[in-house]
Number of protein chains: 2
Amino acid sequence: MARTQGSHSGITGPRVRAAALQLFAQHGYAAVSMRQIAREVGVQAGALYNYTPDKQSLLFDLMQTHMTELLAAREHSPRGATPTEALEHFTRLHLRFHSERPDEVFIAYMELRNLTPENFAKIEELRRSYEDGLETILRAGVNSRDFEVNDPKIAAMAVIAMLTGVNTWFREGGRLSLTEVEQIYWDMVRKAVGA
Amino acid sequence: MARTQGSHSGITGPRVRAAALQLFAQHGYAAVSMRQIAREVGVQAGALYNYTPDKQSLLFDLMQTHMTELLAAREHSPRGATPTEALEHFTRLHLRFHSERPDEVFIAYMELRNLTPENFAKIEELRRSYEDGLETILRAGVNSRDFEVNDPKIAAMAVIAMLTGVNTWFREGGRLSLTEVEQIYWDMVRKAVGA
DNA sequence: CAGTTATCTGAACATGCGTTCGTTTAAAAC
DNA sequence: GTTTTAAACGAACGCATGTTCAGATAACTG
């Protein structure tokens, strides 16, 4: 099913990114070769360089796109009238967004060390921005006495770590539905911050 | 300072494991070559094969040792008279043990996919055994009405994910001492399970 | 239908990989 | 002080790596 020369598919670009995403998530960036990605797409290795300047950019683009979409999803999601409501929205959005993108999440957490220092700094800034969003909600809740949180910065990290951990075991069609998982985790998060 | 031929150091074996640990944690298993490990030890690549049959065994040994020591630490730690006490011991032990071994923890969570299927199965069994320990505590607490937990298995995963997340930011000598971190996290865990 | 252009091939490049092995060395054993 | 032996060297193995590029091809343009 090898693609023939000269064919203007117009969809090879997305297919390259999709193949890289899946392979990086499964085997790790360093363990995946450009030839493997090319084989998955049905093309020779050289053809990949019509769509990415190099392997590093392929990784960076995947991570940047993921983080940007995460932040965009936050902006387009309801704010919540109270800190408790805002925290519930954050929790549910995080679970939903991450469960829909297991490969992206895996890469975003596992492949940071394979970014060049410059690329790493850019991704870290996006991540910090996301964490700050949660921290802001927690601080607001502490001020309004809705929450009982000792250290909002650490609580934000703890909550995100807990929520992201879902991706290590959750599979659509398993014992629990996403809705049930959301409820269970929102319960634990709410209690953990004393709301 | 290259080690000369024929020197019976008797300590090269541990040095090989230490170098592999540090390099695997920093760059990832797939990105580290046997020659890099050898250079770190001060030896030629071929000499490593006096201490490990191959690269894969090096990784597996590091992970197996880590998990075995974790389970051993659990066994030698106090049981706790009540479920709440048991959970507090678990929480504090986890934080203390993991904060002392950042490299081992990183590898144990990141390099699972680089294990052969047989080695992966062995490590997974050790991990499951650890998770089961926490799940047992949670079930006991639910039965005794000390805890309010919807789904003990998921709560166990959630708590472990939250606690292990500490390793992404905690550094000795930072803003908070380990003792303070323990207290903050025990607070959140206790509340999250409704104790 | 001819000309242009985007797309892909396939070979090549230098470099690095994990692993093996005959040889050399220096410490240990007697 | 000689023999033994564990430990390390250093070259070699076949193969894979990321990337480049001249040449071939097929779809689009006029």
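By convention in this document, chain letters (A, B, ...) are assigned in the order of the sequence lines, proteins followed by strands, and residues within each chain are numbered from 1.
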Among C/dG18, D/dT19, D/dC9, the one nearest any side-chain atom of A/Met34 is D/dT19
Does one side chain, of A/Gln44 or A/Arg39, offer a donor that lies under 3.5 Å from an acceptor on the other? no
Output the single nucleotide from C/dC8, D/dT19, C/dT19 whose closest atom is nearest the side chain of A/Val43. C/dC8
Closest-nucleotide 5' rank along DNA chain C - winner of A/Arg35 and A/Asn50: A/Asn50
Between A/Gln36 and A/Glu40, is any side-chain donor less than 3.5 angstrom from a side-chain acceptor? no
For A/Val193, run the side-chain contact (heavy atoms from CB on, under 4.5 Å) check against A/Thr84, A/Val149, A/Ile137 and tell me which one passes. A/Val149
For B/Gln36 and C/dG16, give me the distance from atom CD to atom C1', rounded to whole Å. 11 Å
Without decimals, in angstroms, what is the distance between B/Tyr49 OH and D/dG10 C1'? 15 Å
Return yes if a side-chain donor-acceptor contact under 3.5 Å exists between B/Asp132 and B/Ser129, otherwise no. no
Under 4.0 Å: is that the gap between some side-chain N or O of B/Thr12 and OP1 or OP2 of D/dA7? no
If I take atom CD1 in residue B/Ile37 and atom P in nucleotide C/dT19, what distance separates them, rounded to the nearest angstrom? 10 Å
D/dA8 phosphate, OP1 or OP2, under 4.0 Å from B/Tyr51 side-chain N/O: yes
5' priority, DNA chain D, between B/Gly46 and A/Ala30 [closest heavy atom]: B/Gly46
Roughly, in whole Å, what's the span from NZ in B/Lys55 to C1' in C/dC17? 8 Å
Hey, does the side chain of A/Gln44 come within less than 4.0 Å of C/dC8's phosphate (OP1/OP2), counting only N and O? no
Starting from C1' on C/dT9, measure out to CZ on A/Arg39 and report it in whole angstrom. 16 Å
Counting only side-chain N and O atoms of A/Ser33, is one of them less than 4.0 Å from OP1 or OP2 of D/dT17? yes
